[in-house]
Structures are given as C-alpha cells and as structure tokens.
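Heads up, the thing below is written out as structure tokens.
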Amino acid sequence: MDDLSARVLELVATIPPGRVLSYGDVAARVGAPTPREVGEVLQHQGHDVPWWRVLRVDGTCAPHLRDRQLALLAAEGAPLSPTGDAVDMPLARWAEGGPAPGDGHQLSLFG
C-alpha cells in the first residue's frame, strides 16, 4: 500500500458515525492531487473502513452505491435531504475535532 492510500484509509476510518466528508474534503486533508484519487483508493482498498461516509460534495452518492450508501448513512443518523436522496452536507459534514452525533449535538433529519 502506498503512502497516499494509507493516509486516505486512516482519515476515513476516523469519520464518526452520522458524519460525512466529500471526496474533495478527504483529498484536501491528506494531500491527494484530486478527489478522484480518493475514490479510487476507496473503491479498491476501502472495504475495511466506513467508505459510505465519503460522498460527492453535493451530498449525493454514486448511482451504483446510492441505495446501500444512503441506507447505511440513515442507520447512523446522518441527516438526509428532505427528499431522502442525498445527505444534507451542511449538517452532516464533519469538522475534525467538532461535535459528533451522540455527544449532545443534535442532528436534524430534515435541516
């Protein structure tokens, strides 16, 4: 495993349940050249980390992952959009070191 892959997997493993980051967020935090490279790492090596907590910047999922990913996120209490077809990124995005679900910070299901 190369250093970039290790950094991506390490960061994704720390995202708390009910919180998310975009591929771009992960790329910026680990120094990946592009968000696409984060997606490649997760696609090929992300089976042991909570890959479903990383999604597109607008809160949507890749079409082939959508149903499974949204179900996993909803089960963790991630706030979804009113239509339920995306995550509410302003509410769900994880600010490292910020409050996580269950620590007294309430997340709204519908913003």
Side-chain angles (χ1 to χ4, degrees):
M1 177 183 316
D2 63 62
D3 186 51
L4 175 62
S5 296
R7 291 193 317 267
V8 167
L9 297 174
E10 183 178 325
L11 175 59
V12 172
T14 66
I15 303 170
R19 295 292 189 177
V20 298
L21 291 174
S22 72
Y23 293 101
D25 292 335
V26 175
R29 291 183 186 192
V30 301
T34 68
R36 183 173 300 276
E37 291 191 42
V38 172
E40 289 290 321
V41 169
L42 292 176
Q43 179 182 6
H44 297 289
Q45 301 175 51
H47 55 276
D48 289 333
V49 297
W51 58 265
W52 58 91
R53 297 180 189 150
V54 182
L55 56 161
R56 295 173 178 170
V57 70
D58 65 358
T60 60
C61 308
H64 67 287
L65 299 172
R66 183 183 174 275
D67 292 341
R68 183 171 177 214
Q69 191 168 16
L70 286 174
L72 289 165
L73 289 165
E76 292 183 346
L80 302 181
S81 68
T83 58
D85 61 351
V87 170
D88 186 327
M89 287 300 281
L91 289 176
R93 183 177 265 136
W94 179 49
E96 193 170 8
D103 66 1
H105 179 75
Q106 293 291 1
L107 289 176
S108 167
L109 291 179
F110 300 104

Show me the donor-acceptor pairs within less than 3.5 Å that the side chains of residues 44-51 make with the rest of the protein, sequence neighbours left out.
from	atom 1	to	atom 2	distance (Å)
His44	NE2	Glu40	OE1	3.2
Gln45	NE2	Ser5	OG	3.3

message: Glu76 vs Trp52, test: side chain to side chain contact (heavy atoms under 4.5 Å, CB included). Steps then yes/no.
response: CA-CA 11 Å; Glu76 292 183 346; Trp52 58 91; 2.9 Å; yes
query: Mind checking whether Met89 and Leu65 sit in one hydrophobic cluster, side chains of I, L, V, M, F, W, Y counted as touching below 4.5 Å?
result: yes
query: Taking all atoms of both residues into account, what is the closest heavy-atom pair of Pro79 and Leu91, and its distance?
result: CG-CB, 3.6 Å
message: Restricting to side chain to side chain donor-acceptor pair (under 3.5 Å), what partner residues turn up for Thr60, sequence neighbours left out?
response: Asp58
message: Please check if the number of heavy atoms outside Arg29 that lie under 6.0 Å from its CZ is greater than 12.
response: yes
message: Tell me every residue that passes salt bridge (charged side-chain N to carboxylate O under 4.0 Å, His left out) with Asp3, counting only those two or more places apart in sequence or in another chain.
response: Arg7
Over 12 non-hydrogen atoms of neighbours within 6.0 angstrom of CD in Glu10: no
field: Nearest-0.5 Å distance, CG of residue Leu73 to CZ of residue Arg19
entry: 12.5 Å
- request: Using side chain to side chain contact (heavy atoms under 4.5 Å, CB included) as the criterion, list what pairs up with Pro33, not counting sequence neighbours.
  value: Leu4, Glu37
Criterion side chain to side chain contact (heavy atoms under 4.5 Å, CB included) against Leu21, the qualifying member of Thr14, Val12, Val38, Ile15: Ile15
Qualifying side chain to side chain donor-acceptor pair (under 3.5 Å) pairs with a residue from residues 63-74, counting only residues at least two apart or across chains: none
- prompt: Can you list the residues that meet the salt bridge (charged side-chain N to carboxylate O under 4.0 Å, His left out) rule with Arg93, with sequence neighbours excluded?
  reply: Asp25
- line: Between Cys61 and the options Leu70, Val87, Asp85, the side chain to side chain contact (heavy atoms under 4.5 Å, CB included) test singles out Leu70
Which atom of Pro63 lies closest to which atom of Arg56, heavy atoms considered: CD-NH2, 3.4 Å
